[in-house]
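What follows is a set of notes on a single structure, which appears directly below.
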Amino acid sequence: MTHRNFLHTYDLTAHELRNVLALSQAPIAALGRPLDGKGAALIFEKPSNRTRHSMEMAVVQLGGHPVYTRGEEVGIDVRESVEDITNVMSGYHALLCARVFDHSVLHRMAAVSSVPVVNMLSDFAHPLQAVADVLTMQQVFGDLAGKTVTFVGDFNNVARSLCEASAMLGMHIRLGCPEGYDAQDTELLGLTELGAASVEQYRDIAIAVSGAHAVHTDTWTSMGQESESEEREAVFAGFEVTNEIMSLADSQAVFMHCLPAHRGQEVSPSVIDGPQSKVYQQAHNRMHAARGVLAFLMGANI
Ligand code: CP
Ligand code: NVA
């Protein structure tokens with residue numbers, strides 16, 4: 001039987017992304033328990049709060065049973081190969097979901113799996129986060145076409161997936177990133193091809209944020225990059241989202257962050273804990289977005 005994977009935001013078409021957003025907001029009862037009596041493997045090579053809890057609850061809400069597994073427990077490519085793990089687990093579960101250091105592991109899983117593979121964050125992409133991000137912006141602004149989203153900081157897994165989802169919904173995309181931690185020209189072009197109203201990248205975050213409707217940022221040092229943290233703190237000095245920076249955005253602008261946050265580094269406490277912040281709505285939307293994605297992968301349609 002053919003199945004779909006969700007390794008990147010663009011694994012969905014724009015139409016399917018809108019469908020997933022509708023599924024995310026549909027009453028749980030309307031989704032029809034597509035995981036009834038079925039399992040979902042949730043494999044984590046890295047720590048998690050939001051992703052683990054939102055995914056476990058989404059699986060339960062769809063009638064299924066989540067099996068949380070730590071990466072070192074199964075020993076990916078240590079105790080046994082990714083391919084053996086995948087072939088075995090796809091005989092037990094209706095979904096294989098993994099948070100991995102190396103994105104290529106997800107491609108190897110998808111190559112042999114007989115059930116959908118879901119990216120719960122890799123070094124390259126965080127598409128479940130992106131669905132929650134656009135869901136949150138849509139709840140605030142309605143249709144996102146023509147609205148401006150700005151990402152400030154490291155063009156990382158979260159930024160990449162957020163930009164893809166925003167492009168697919170017709171938003172203007174602005175990046176404020178330091179040299180060497182920015183989006184390559186091919187990625188900027190790819191965002192235009194996905195449907196972005198416009199794509200601009202600046203070194204000066206004041207310009208990137210000017211007039212934006214939503215200002216996003218993320219940690220300067222992602223999981224797996226801990227040895228670079230001192231160097232990164234020096235590079236990203238000047239990339240903190242402060243009240244002064246937020247005052248340059250649209251008067252109705254919101255501040256967003258996937259969390260975990262580092263107050264006093266990428267964002268000032270007064271911004272993340274202030275009236276423009278949507279970070280907890282965004283975090284809670286991780287569960288609704290996860291439910292929408294998993295329902296879609298199990299064939300639900302509304
Ligand atoms: N935003 C996010 O993915 O958080 P966790 O790392 O806690 O899952
Ligand atoms: N970019 C961060 C996101 C954490 C949810 C990381 O990969 O660590």
Side-chain angles (χ1 to χ4, degrees), residues 3-36 38 40 42 48-64 66 94-97 99 115-121 125-145 147 149 157-158 160-171 194-195 213-214 216 254 256-259 277-302:
H3 62 264
R4 300 287 295 276
N5 299 308
F6 190 58
L7 307 191
H8 321 95
T9 319
Y10 59 76
D11 290 343
L12 303 174
T13 64
H15 176 76
E16 287 170 340
L17 175 58
R18 289 180 193 277
N19 190 21
V20 164
L21 292 170
L23 287 167
S24 302
Q25 297 184 98
I28 295 172
L31 301 174
R33 295 177 66 82
L35 286 173
D36 196 17
K38 296 177 178 168
L42 309 182
S48 172
N49 168 4
R50 283 144 289 273
T51 307
R52 176 181 177 181
H53 285 261
S54 61
M55 285 289 281
E56 287 209 23
M57 289 314 301
V59 169
V60 168
Q61 289 166 350
L62 295 173
L95 292 161
L96 294 190
C97 312
R99 166 168 285 198
V115 300
V117 175
V118 177
N119 180 0
M120 297 196 297
L121 181 147
H126 197 3
L128 287 168
Q129 180 68 51
V131 177
D133 293 348
V134 292
L135 176 61
T136 309
M137 291 193 286
Q138 200 181 70
Q139 287 169 346
V140 174
F141 297 112
D143 186 10
L144 295 176
K147 294 279 189 291
V149 59
N157 45 7
V158 166
R160 182 175 290 109
S161 294
L162 166 68
C163 288
E164 289 166 2
S166 302
M168 289 160 67
L169 298 175
M171 298 185 80
L194 281 174
H213 297 99
H216 292 243
V254 295
M256 297 179 62
H257 191 309
C258 64
L259 305 179
S277 177
K278 295 289 173 196
V279 297
Y280 299 127
Q281 181 178 339
Q282 183 184 2
H284 296 156
N285 274 334
R286 288 293 310 275
M287 179 172 74
H288 306 304
R291 191 173 62 245
V293 169
L294 300 188
F296 172 81
L297 292 173
M298 297 308 295
N301 213 329
I302 54 170

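Here the straight-line distance linking atom CZ of R52 with atom SG of C97 works out to 13.5 Å at 0.5 Å rounding. With values rounded to the nearest 0.5 angstrom, L259 atom CG is found 10.0 Å from R286 atom CZ. In this structure, H284 NE2 and K278 NZ are separated by 13.0 Å, a value rounded to the nearest 0.5 Å. The NE2 atom of H53 sits 7.5 Å away from the OG atom of S48 when rounded to the nearest 0.5 Å. The line from NZ of K147 to OG of S166 is 13.0 Å long, rounded to the nearest 0.5 Å. Atom CZ of F6 and atom CE of M120 lie 13.0 Å apart (nearest 0.5 Å).
When all heavy atoms of L128 and A290 are compared, the closest pair comes out as CD2-CA, 4.4 Å. Scanning all heavy atoms of the two residues, the minimum distance from T9 to A165 falls at CG2-CB, 3.5 Å. Contact detail for M55 and V118: the closest heavy-atom pair is CE-CG1, 4.3 Å. Of all the heavy atoms in L42 and P66, the pair that sits closest is CD1-CB, 3.9 Å. Of all the heavy atoms in N157 and A125, the pair that sits closest is CB-N, 3.5 Å. Of all the heavy atoms in L35 and A94, the pair that sits closest is CD2-CB, 3.9 Å.
For Q282 and D133, the side-chain atoms include at least one donor-acceptor pair closer than 3.5 Å. If you check the side chains of D11 and H8, you find a donor sitting under 3.5 Å from an acceptor. Counted by atom type alone, S24 and R291 present zero donor-acceptor pairs between their side chains at under 3.5 Å.
Checking V134, V131, L135 one by one against N285, the side-chain contact (heavy atoms from CB on, under 4.5 Å) holds for a single residue, L135. Evaluated for a side-chain contact (heavy atoms from CB on, under 4.5 Å) with L169, the options L194, L21, V149 yield exactly one hit, L21.
Put simply, the side chain of H126 reaches to within 4.5 Å of the side chain of T51, judged on heavy atoms. Between L31 and M298, every side-chain heavy-atom pair lies at or beyond the 4.5 Å cut-off. By the 4.5 Å heavy-atom criterion applied to side chains, H3 and P116 are counted as neighbours. Under the 4.5 Å side-chain criterion, counting only non-hydrogen atoms from C-beta, H216 is in contact with L162.
With hydrogens and angles ignored, the 3.5 Å screen pairs a side-chain donor or acceptor of N119 with a backbone N or O of L7.
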From CA spacing to verdict: side chain to side chain contact (heavy atoms under 4.5 Å, CB included), L17, Y10: CA-CA 9 Å; L17 175 58; Y10 59 76; over 6 Å; no

Side chain to side chain contact (heavy atoms under 4.5 Å, CB included) evaluation trace for R18 with M168: CA-CA 9 Å; R18 289 180 193 277; M168 289 160 67; over 6 Å; no

